[in-house]
S.K.: 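Questions regarding the structure given below will be posed in turn.
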Amino acid sequence: MTVPSHLQYTAQHEWVALEGDIATVGITEYAAEALGDVVYVDLPDVGASVTAGNTCGEVESTKSVSDLFAPVEGEVVEINQGLVDDSSAVNLAPYEAGWLFRVRVSGIPDLLSADEYSSLISGS
Amino acid sequence: MTVQTSKLTALYDIHRALGATFMDFAGWAMPLRYDSEIAEHTAVRTTAGLFDLSHMGEIEVTGRESGRALDFALVGRPSRIASGRARYTMICDVDGGIIDDLVVYRLGDERYLVVANASNATAVARELRERARGFEADVDDASERWSLIAVQGPRAAAIAAEIAPLEVVSLPYYAITKTVLASRDVLIARTGYTGEDGFEVYCHPDDAAGVWNSLAAAGKRHDLRPAGLACRDTLRLEAGMPLYGQELDRTLTPFDAGLGRVVTFDKEGGFVGDQAILDRRDQGSERTLVGLVTGSRRTPRHGHTVVDPSSGEPVGWVTSGAPSPTLGHPIAMAYVDPSRSMAGTPLKVEVRGSDVDVQVVELPFYRRRH
């Protein structure tokens with residue numbers, strides 16, 4: 001299971017890549033595998049404000065639906081439009097082409113390091 | 001994951017080596033998927049899939065009056081099944097509620113194999129034992145002595161032809177025969193739960209790995225893939241087949257589920273639940289099982305409420321739903337008020353806080369081309 005060391009994580013299995021004040025958000029490979037083939041992602045609207053820890057969308061696979069939680073606080077500035085038509089990138093490349101949305105960050109809660117997240121998923 | 005505390009099938013190590021993701025199903029650690037459940041689903045529709053179904057319950061009923069005992073215990077008439085043939089049937093409570101849906105194979109004049117869902121196997125065996133009292137019949141829960149492997153899909157017959165005797169390939173649908181496969185004694189039936197042609201192989205757990213490996217090897221050039229329970233569920237849903245616990249349960253009679261055709265009333269000596277089921281047939285049911293489709297990407301799922309599109313009043317509930325890999329849009333089965341059951345009726349389903357437009361369609365969603 002890949003857990004890239006340059007990313008930060010949440011206990012809800014999201015990853016965050018911070019560059020300046022822009023955070024790119026996706027779900028981890030662990031989450032993508034647990035969900036199975038993702039067939040639909042419901043993403044927040046561009047311009048929407050999201051609150052860390054609150055629901056901001058859904059990830060739907062053949063077997064189940066999971067809430068998407070905002071890992072940070074801020075305004076959504078971009079969503080991965082390509083996933084709307086074909087969400088298979090969430091499974092194929094969860095840390096790259098499968099990114100979900102970008103937020104201009106106004107607040108960041110404590111996130112997990114790659115090591116911390118790795119021990120979280122190996123313990124579950 | 002609770003793999004350590006679950007029962008393991010004889011094929012567990014093979015599934016692990018194949019990289020399966022496991023799920024707990026009725027106390028069994030079963031392969032949910034090996035890689036992509038959509039790819040597994042597509043393989044069954046276009047080539048073939050290989051399933052471990054060893055969690056299913058096998059109950060042997062034998063003896064001079066085994067047929068009569070089953071006629072009394074079940075809603076169908078197993079005593080009229082020809083030797084070597086099978087029937088889909090149900091076992092109901094005195095109040096008509098469905099305890100389980102079953103496949104009954106007649107293996108000989110005085111020998112039947114009753115296959116029950118994993119979650120109900122113990123209850124079914126107990127009920128059969130109880131109901132067989134007073135008949136010259138023995139009921140034996142043999143689930144531990146049988147493994148079950150299914151090969152399903154349009155290439156299933158070609159795969160079977162490579163390793164099974166000729167008579168297996170010409171086996172009619174819903175027939176079963178004793179044969180030798182990969183030098184092991186097995187029962188092969190032309191049955192399944194996917195909406196495709198295929199075979200189910202019953203063998204001793206000690207022989208399961210050998211049978212699996214032979215089928216996998218023979219299937220290689222037919223693009224056979226190991227397939228998990230995730231795709232089994234979307235396959236049966238597309239085929240409009242009910243799943244116990246979703247479309248069927250103790251609160252419903254066979255007539256509620258639209259399966260009144262499996263009930264035989266004119267049996268000498270009656271059967272358990274006959275009066276209640278007859279009443280339900282004559283009164284008509286308060287609900288009808290229908291198919292729903294939507295152009296939305298959001299999927300109606302088990303437990304969601306079906307509502308009237310203008311008043312928002314509840315008119316039913318969703319029993320199963322999934323994005324259909326074959327059709328490319330979400331499909332669902334639902335119980336609705338009979339007045340809303342006509343194909344083409346527009347309805348809405350409350351999907352996690354917002355309504356999705358759906359339309360009633362006839363079942364099944366998918367039918368194979370013969």
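Numbered from 1 within each chain, the chains take letters A, B, ... in sequence-line order.
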S.K.: Name the region of B/Arg297, side chain, backbone, both or neither, that has any atom closer than 4.5 Å to a heavy atom of chain A.
M.R.: both
S.K.: In Å, rounded to the nearest 0.5 Å, how long is the span from CD of A/Glu58 to OG1 of B/Thr299?
M.R.: 9.5 Å
S.K.: Tabulate, in ascending numerical order, the residues of residues 32-41 of chain B having at least one heavy atom closer than 4.5 Å to a heavy atom of chain A, or enter 'none'.
M.R.: B/Leu32, B/Arg33, B/Ser36, B/Glu37, B/Ile38, B/Ala39
S.K.: At a heavy-atom separation under 4.5 Å, does A/Glu33 approach chain B through its side chain, its backbone, both, or neither?
M.R.: backbone
S.K.: Residue by residue, scan residues 37-46 of chain A and write down, ordered by number, those that have a heavy-atom distance under 4.5 Å to chain B; if none do, write 'none'.
M.R.: A/Asp37, A/Val39, A/Tyr40
S.K.: Residues in side chain to side chain contact (heavy atoms under 4.5 Å, CB included) with A/Thr51, at least two apart?
M.R.: A/Asn54, A/Glu73
S.K.: Any side chain to side chain donor-acceptor pair (under 3.5 Å) pairs touching residues 82-92 of chain A, not counting sequence neighbours?
M.R.: A/Asp86-A/Ser88
S.K.: Heavy-atom count around B/Glu362 CD within 6.0 Å, excluding the residue itself: above 12?
M.R.: no
S.K.: Run B/Arg352 and A/Glu60 through side-chain contact (heavy atoms from CB on, under 4.5 Å) and show every step you take.
M.R.: CA-CA 12 Å; B/Arg352 292 160 62 88; A/Glu60 183 144 22; over 6 Å; no
S.K.: Please determine whether the number of non-hydrogen atoms from other residues, nucleotides or ligands lying under 6.0 Å from atom CZ of B/Arg16 exceeds 12.
M.R.: no
